[in-house]
There are 2 protein chains.
Amino acid sequence: MHDLLFDFISKYISLTEDEKEAIVSLAMFRSLKKGAILLRPGERSNDAYFVLKGCIRIYYIIDGEEKTTAFYTEMEALTPHAAVNQSPSEYYISCVTDTIVLLSNPDTEAEIFSKFPRFESMCRVLAEEVLIKQQINFDEFKTSSPEQRYLNLLQKRPDLIQRVPQHQLASYLGIKPQSLSRLRARILEKNKV
Amino acid sequence: MHDLLFDFISKYISLTEDEKEAIVSLAMFRSLKKGAILLRPGERSNDAYFVLKGCIRIYYIIDGEEKTTAFYTEMEALTPHAAVNQSPSEYYISCVTDTIVLLSNPDTEAEIFSKFPRFESMCRVLAEEVLIKQQINFDEFKTSSPEQRYLNLLQKRPDLIQRVPQHQLASYLGIKPQSLSRLRARILEKNKV
DNA sequence: TGAAAACGTTCACCAAAGTTAAGAAATGGC
DNA sequence: GCCATTTCTTAACTTTGGTGAACGTTTTCA
């Protein structure tokens, strides 16, 4: 399990044995069952999550309906706004499948940053990279139709379409489950003719 | 002009005179006319921008149509993906109004970071904050209709609706200019009755 | 294993956005 | 100030998504 983490970090900086030990001594892993809920609306928490295995999602309940807005899979990090703003959460975070996450919080972060300043550099670079990816993602969302978004997702994250229930995918694409169903039928129809 | 910048920074850390001097000596300001283009598709550049006055936007040309996806106004920072990925830009960056920006690039950043490590901490915190804001923004976009998005924008950034042309706003809301026109007429109609 | 709940698809109908086109209004440059 | 260009609005028509309901299938778990 540590190896997964070190492989990820090695894409940014190479670690000394000292640094590896420091991480191992502070790392908190958590195994979760499918459907387990990590955070609920109204709850406060300083934890951020790094997915080592499995898949978690963010969803809201709006007018009694579940709206999934994001999925995080292997090697992706989720920092809830509640952790940054010190404010109660507005959404749920829950496991789509059985999942293993690495927990992090401001205290352990501060400890690592002060011992190994290179870590903070890495986190800044990482945050900037994720910001850029999300920006591009948002741009694509804005400039395309639900059908294009679905076809796009098929290309870019075919794994998601396999392991995520349709109704969760639908709101992720900004539409209702019935519309996703219809849209898929439409695409099949086009390809048949 | 420096004051605007120092006011912004003071929200995160307080500066010593040494630090202020270092910033002043490295800061590069640039005044731009409405319509001026800062970056074009295909161009490489390491510059990031911090808007001191005015408004800039990101837009794509897709199938011959202009699609505006983001606006940046006073005290907002724009780091183009071209600067992070070292890759050619995929979009235009241009001035909506006359604008003054502060330029930054990896070299000047590295210089400041090595002299004043607190600066890198601030940038990490800032990047994380912006990431969270954008995440919430994206969530709201996904979970609401074009009409709701427009009403929401009226609340949150009424200034934008004043100073940005309708057709740029339309694609920012994920629709065509004609639809925005119609949607506004619809809202007026509702409020009349 | 069997009943209940959750999930996915389909349908008919309605509402809203895309498309195409025309014309009015505002803007900019000379 | 005047012409050209850009921007905004309106309208008719097409396409697509939302809604409510029904129905078969799968999952869950007691």
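Here is how names work: the chains are called A, B, and so on, in the same order as the sequence lines, proteins then strands, and each is numbered from 1. Treat the numbers as computed from the prediction; the structure is a model and nothing was measured.
Taking 4.0 Å as the cut-off between side-chain N and carboxylate O, B:Arg124 and A:Glu128 do not count as a salt-bridged pair. Using a cutoff of 4.0 Å between basic side-chain nitrogens and carboxylate oxygens, B:Glu19 and B:Lys115 are not scored as salt-bridged. Contact check on A:Glu147 versus A:Arg186 returns a salt bridge, with a Lys/Arg side-chain nitrogen under 4.0 Å from an Asp/Glu carboxylate oxygen.
With D:dG17, D:dT19, D:dT28 as the candidates, the nucleotide lying closest to the side chain of A:Lys34 is D:dT28. Listed nucleotides: C:dG18, D:dT10, D:dG17. Nearest to the side chain of B:Ala185: D:dT10. The side chain of B:Gln166 sits closest to D:dC8 out of D:dT10, D:dC8, C:dT9.
Comparing A:Leu180 and B:Lys176 along DNA chain C, the residue whose closest nucleotide (by nearest heavy atom) sits nearer the 5' end is A:Leu180. The residue among A:Gln178 and A:Ser145 whose nearest nucleotide of DNA chain D lies closer to the 5′ end is A:Ser145.
The interatomic distance linking A:Arg184 (CZ) with D:dT16 (C1') rounds to 18 Å, in whole Å. Computed from coordinates, the B:Arg163 CZ to D:dT7 C1' distance equals 20 Å when rounded to whole Å. Rounded to whole Å, atom C1' of D:dG18 lies 19 Å from atom NZ of B:Lys142. Atom CD in A:Glu65 sits about 15 Å away from atom C1' in C:dA6, given to the nearest Å. Atom-to-atom, CD of B:Glu66 to C1' of D:dT5 comes out at 14 Å; the value is rounded to the nearest Å. Taking atom NZ on A:Lys33 and atom C1' on D:dT28, their separation rounds to 15 Å, with Å as the unit. C:dA15 atom P lies 16 Å from atom CG of B:Leu183, rounded to whole Å. In this entry the distance linking CD of A:Gln168 with P of C:dC7 reads 8 Å, nearest Å.
Donor-acceptor pairing under 3.5 Å is lacking for the side chains of B:Ser89 and B:Glu43.
Note on A:Ile136 and B:Leu78: separate hydrophobic clusters, where clusters join Ile, Leu, Val, Met, Phe, Trp and Tyr whose side-chain heavy atoms are under 4.5 Å apart, directly or indirectly.
A donor-acceptor contact under 3.5 Å is formed by the side chain of A:Arg182 with the base of D:dG18.
Using a 4.0 Å heavy-atom distance criterion, B:Pro177 is classed as making no nucleic acid contact.
Taking 4.0 angstrom as the limit, B:Ser181 places a side-chain polar atom (N or O) nearer than this to OP1 or OP2 of D:dT9. Residue B:His167 places no side-chain N or O under 4.0 Å from the OP1 or OP2 atom of D:dT6.
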